[in-house]
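Since the structure comes first, as structure tokens, the remarks are kept for the end.
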Amino acid sequence: MLDLRYVVEHLDDVRAALGRRGEAAKQSLGPIAALAERRSNVMGRLQALREEKNEANAAMAKLDKQGDEFKARRESLKRISDESKQLEAEEREVQTALETALLLVPNLPAPGIPDGQSADDNREVRQHGVKPALSFKPKEHVDLGVALGILDFDRGAKLSGARFSVLKGAGAQLERALMMFMLDLHTRQHGYTEIWPPALVNDESLRGTGQLPKFAGDLFRIAPDWQDGIAPADKPDAPRRELYLIPTAEVPLTNLHRDEILEGETLPIKYTAYTPCFRSEAGSYGKDTRGLIRQHQFDKVELVRFERAEHAEAALEELTGHAEEVLKRLGLHYRVMELCAGDLGNGSKRCYDLEVWLPGQDAYREISSCSWFGDFQARRARIRYREKQGDKPQLVHTLNGSGLAIGRTLVAILEQYQQADGSVCVPTALVPYMGGLEVIQ
RNA sequence: GGAGAGGUGACCGAGCGGUCGAAGGUGCACGAUUGGAAAUCGUGUGUGCCUGAAAGGGUACCAAGGGUUCGAAUCCCUUCCUCUCCGCCA
């Protein structure tokens, strides 16, 4: 969420910055300026009225409750009271409209990032390693995995439907090995604290990180007390209490400090967590329907950081490096892309995608996305810090990145480490986590 | 799922419907005292919004929302959360 005051005072700058994302982002500002003016008008009148009311009420306290003056003043106060109730209702209405509008406005892209409309305009920052020189025609991970008996898409579909899969034997073991390997690296080498959070969260948490209200369609939702949108019979007035399956560990990790004022000396705070992630993938029909690339449920190790504003951009470089280190140690070839303004995620100011090479697809595919959010999430979630006692609290900057998506890492290993006979070598770094297994065949 | 008890400031804990942003204590900060510390004494110590150059002033917030009232932390309703006991269960 943007700072309302900043938006109102720098309307042209904000409009221009949002315009870099595209027309829709610019349009999202909509009636905000007009609403803000109405709000300050209403608040002004309300304050004046309240002052009058408070003064009069204080006088009432001292009067004889039986006296005529008390009765007379009570009558006139009644009118002021009614009027202020009306104004309060109006204030609430404007405030709600304003917040609703503001929650839909994307973050301002950082000035230095490339211009562009789509992924085609993203800028390659660097590459690591080279494409493996295969002396045969590389297979896709689906064909390799099914033939090896470690991936089972048919039974995944039987259990749950399209975009679900089953890992078996060395496949399941590889998933677990990757999780352990990544967590060990980030906690022991990179200084992150390991967290094991809930996978179901409330709507307030999703609002904090920005998935709600704008992207509800991408989430799996559960309403435990309700069935088919109907309240339980014995509690007709019960509000709709809802929980959502997390789309990423970013949500619980960032919201750990929602509504908190942190002490400056605790910064930076660095968390990592393995969680399953759930995405409805609405609107992606026909995309990546084969294989593990786009699933409704997948595993991921996430990195989340809380930083002082002045260290945030350096922290993004560091965090990206931490995600890259996973790929380096696994010996996987990849490239780093800086996203252009038009391809940037809703809440982020600057973002690097790590794209791993998939020989079977003859393409680079996103395996990690590392973002700097500025104070966008912190303002929504009210995450602040105080440098030292007596200072004014200020918003932290939040960052996060995949470190990495485990399923896609497994895909990359299958495809980059495949051999002519269809077997797959286990990257050296993972062998200890695989009980010494060196080749899957 | 059944029965009960609660949710007040960093924490503990008071609070007859008006003088309560809220007693008291702890913690913390600063000052005094000390060779230094402990102890002691003094002062200060929430957040948002509006306003002001600043000092300050105004206003809202006592889980959340609604209601009663001229006036609500205090009364009523709803919801959420926490704790204890029982049952069920990984």
Side-chain angles (χ1 to χ4, degrees), chain A residues 1-9 32 35-100 102 196 198-208 222-226 231-244 255 257-266 276 375 378-396:
Chain A
M1 189 163 65
L2 301 179
D3 179 23
L4 176 62
R5 205 164 167 157
Y6 181 85
V7 172
V8 170
E9 288 171 7
I32 284 177
L35 279 170
E37 198 178 328
R38 197 176 142 212
R39 171 173 167 266
S40 81
N41 176 287
V42 172
M43 277 181 73
R45 283 191 289 155
L46 187 59
Q47 280 226 8
L49 198 62
R50 271 179 179 152
E51 249 171 85
E52 186 185 350
K53 192 178 96 172
N54 286 346
E55 246 172 73
N57 272 329
M60 290 288 279
K62 297 194 180 98
L63 286 177
D64 173 16
K65 306 289 185 288
Q66 309 303 323
D68 290 339
E69 193 186 347
F70 183 89
K71 283 175 189 157
R73 294 184 72 152
R74 191 169 62 186
E75 286 309 307
S76 73
L77 267 179
K78 176 85 173 151
R79 280 197 303 278
I80 295 181
S81 177
D82 288 345
E83 196 183 332
S84 81
K85 265 176 196 163
Q86 270 184 13
L87 267 180
E88 271 166 25
E90 193 178 341
E91 191 211 4
R92 265 200 303 276
E93 183 197 317
V94 179
Q95 188 75 31
T96 307
L98 206 47
E99 264 164 34
T100 305
L102 215 49
W196 199 285
L200 284 167
V201 297
N202 56 32
D203 58 341
E204 188 58 32
S205 295
L206 286 154
R207 225 184 327 276
I222 291 169
D225 292 347
W226 286 51
D234 56 326
K235 286 184 188 171
D237 296 332
R240 185 169 183 145
R241 185 167 61 99
E242 293 170 321
L243 292 171
Y244 297 79
N255 279 282
H257 295 299
R258 172 154 52 82
D259 285 311
E260 291 186 14
I261 300 175
L262 306 163
E263 289 182 34
E265 60 193 29
T266 64
D375 58 17
R379 186 172 293 106
R380 287 170 164 253
R382 298 167 299 277
I383 307 169
R384 293 169 294 177
Y385 77 101
R386 200 182 337 249
E387 196 51 69
K388 58 179 194 301
Q389 178 146 18
D391 285 0
K392 256 183 83 93
Q394 30 187 340
L395 294 166
V396 301

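By convention in this document, chain letters (A, B, ...) are assigned in the order of the sequence lines, proteins followed by strands, and residues within each chain are numbered from 1.
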Same-atom distance ([atom1]) from [N] to [M], integer angstrom:
| N | M | atom1 | result |
| --- | --- | --- | --- |
| B/rG7 | B/rC62 | P | 14 Å |
| B/rA29 | B/rG46 | C1' | 15 Å |
| B/rG25 | B/rU34 | P | 26 Å |
| B/rC76 | B/rG17 | C1' | 13 Å |
| B/rA73 | B/rA64 | P | 11 Å |
| B/rA23 | B/rC16 | C1' | 15 Å |
| B/rU26 | B/rG21 | P | 25 Å |
| B/rA22 | B/rU59 | P | 12 Å |

- Message: Does a side-chain N or O of A/R92 approach OP1 or OP2 of B/rG66 to a distance below 4.0 Å, or not?
- Response: yes

Of the non-hydrogen atoms in [X] and [Y], which two are nearest, and what is the gap between them?
| X | Y | answer |
| --- | --- | --- |
| A/S84 | A/K53 | OG-NZ, 3.7 Å |
| A/I383 | A/H257 | CG1-O, 3.4 Å |
| A/Y385 | A/L395 | CE2-O, 3.8 Å |
| A/V8 | A/A36 | CG2-CB, 3.6 Å |
| A/R379 | A/D3 | NH1-N, 3.2 Å |

[N] [atom2] sits how many Å from [X] [atom1], rounded?
| X | N | atom1 | atom2 | answer |
| --- | --- | --- | --- | --- |
| A/R258 | B/rC81 | CZ | C1' | 13 Å |
| A/D203 | B/rC81 | CG | P | 12 Å |
| A/N57 | B/rU19 | CG | C1' | 13 Å |
| A/E91 | B/rA60 | CD | P | 11 Å |
| A/E69 | B/rC70 | CD | C1' | 13 Å |
| A/E242 | B/rU79 | CD | C1' | 15 Å |
| A/K78 | B/rU69 | NZ | C1' | 8 Å |
| A/L395 | B/rG48 | CG | C1' | 12 Å |

- Query: Quick one, which residues of residues 36-54 of chain A touch RNA chain B with a heavy atom under 4.0 Å?
  - Reply: A/M43, A/Q47, A/R50, A/E51, A/N54

- Under a 4.0 Å heavy-atom cut-off, which of residues 79-88 of chain A touch RNA chain B? A/S81, A/K85

- Item | Inter- and intrachain pairs under salt bridge (Lys or Arg N to Asp or Glu O under 4.0 Å), touching residues 385-394 of chain A, at least two apart | A/R308-A/E387, A/K388-A/D391

- Task: List for me each residue that meets side-chain contact (heavy atoms from CB on, under 4.5 Å) alongside A/L77, sequence neighbours excluded, and say none if there are none.
- Result: A/A56, A/N57, A/M60, A/I80

- What stems involve RNA chain B, if each pair must be Watson-Crick or G-U and both of its distances must be under 3.5 Å, with 3 or more such pairs in a row? B:1-7 with B:80-86, B:10-12 with B:24-26, B:27-32 with B:40-45, B:46-51 with B:56-61, B:63-67 with B:75-79

- Message: Run A/R382 and A/E204 through salt bridge (Lys or Arg N to Asp or Glu O under 4.0 Å) and show every step you take.
- Response: CA-CA 11 Å; A/R382 298 167 299 277; A/E204 188 58 32; 3.3 Å; yes

- Side chain of A/R258, backbone of A/A381: donor and acceptor closer than 3.5 Å? no

Measure the shortest side-chain to side-chain distance between [X] and [Y] over non-hydrogen atoms and say whether it is less than 4.5 angstrom.
| X | Y | value |
| --- | --- | --- |
| A/V396 | A/L262 | yes |
| A/N255 | A/L206 | no |
| A/E90 | A/R45 | yes |

- Message: Would you say that more than 12 heavy atoms from the other residues, nucleotides or ligands in this model lie under 6.0 Å from the CD of A/E88, or not?
- Response: yes

- Is it true that A/R38 and A/E93 make a salt bridge, defined as a side-chain N closer than 4.0 Å to a carboxylate O? yes

- Message: Just to be sure I understand the rule, does A/R382 reach a base, reach only the sugar-phosphate, or reach nothing, if contact means heavy atoms closer than 4.0 Å?
- Response: nothing

Can you pull every protein N or O that's under 3.5 Å from an N or O on nucleotides 44-47 of chain B?
from, atom 1, to, atom 2, distance (Å)
B/rU47, OP1, A/R386, NH1, 2.5
B/rU47, O3', A/R384, NH1, 3.0

- Message: Between A/D3 and A/R73, which residue's closest nucleotide on RNA chain B lies nearer the 5′ terminus?
- Response: A/D3

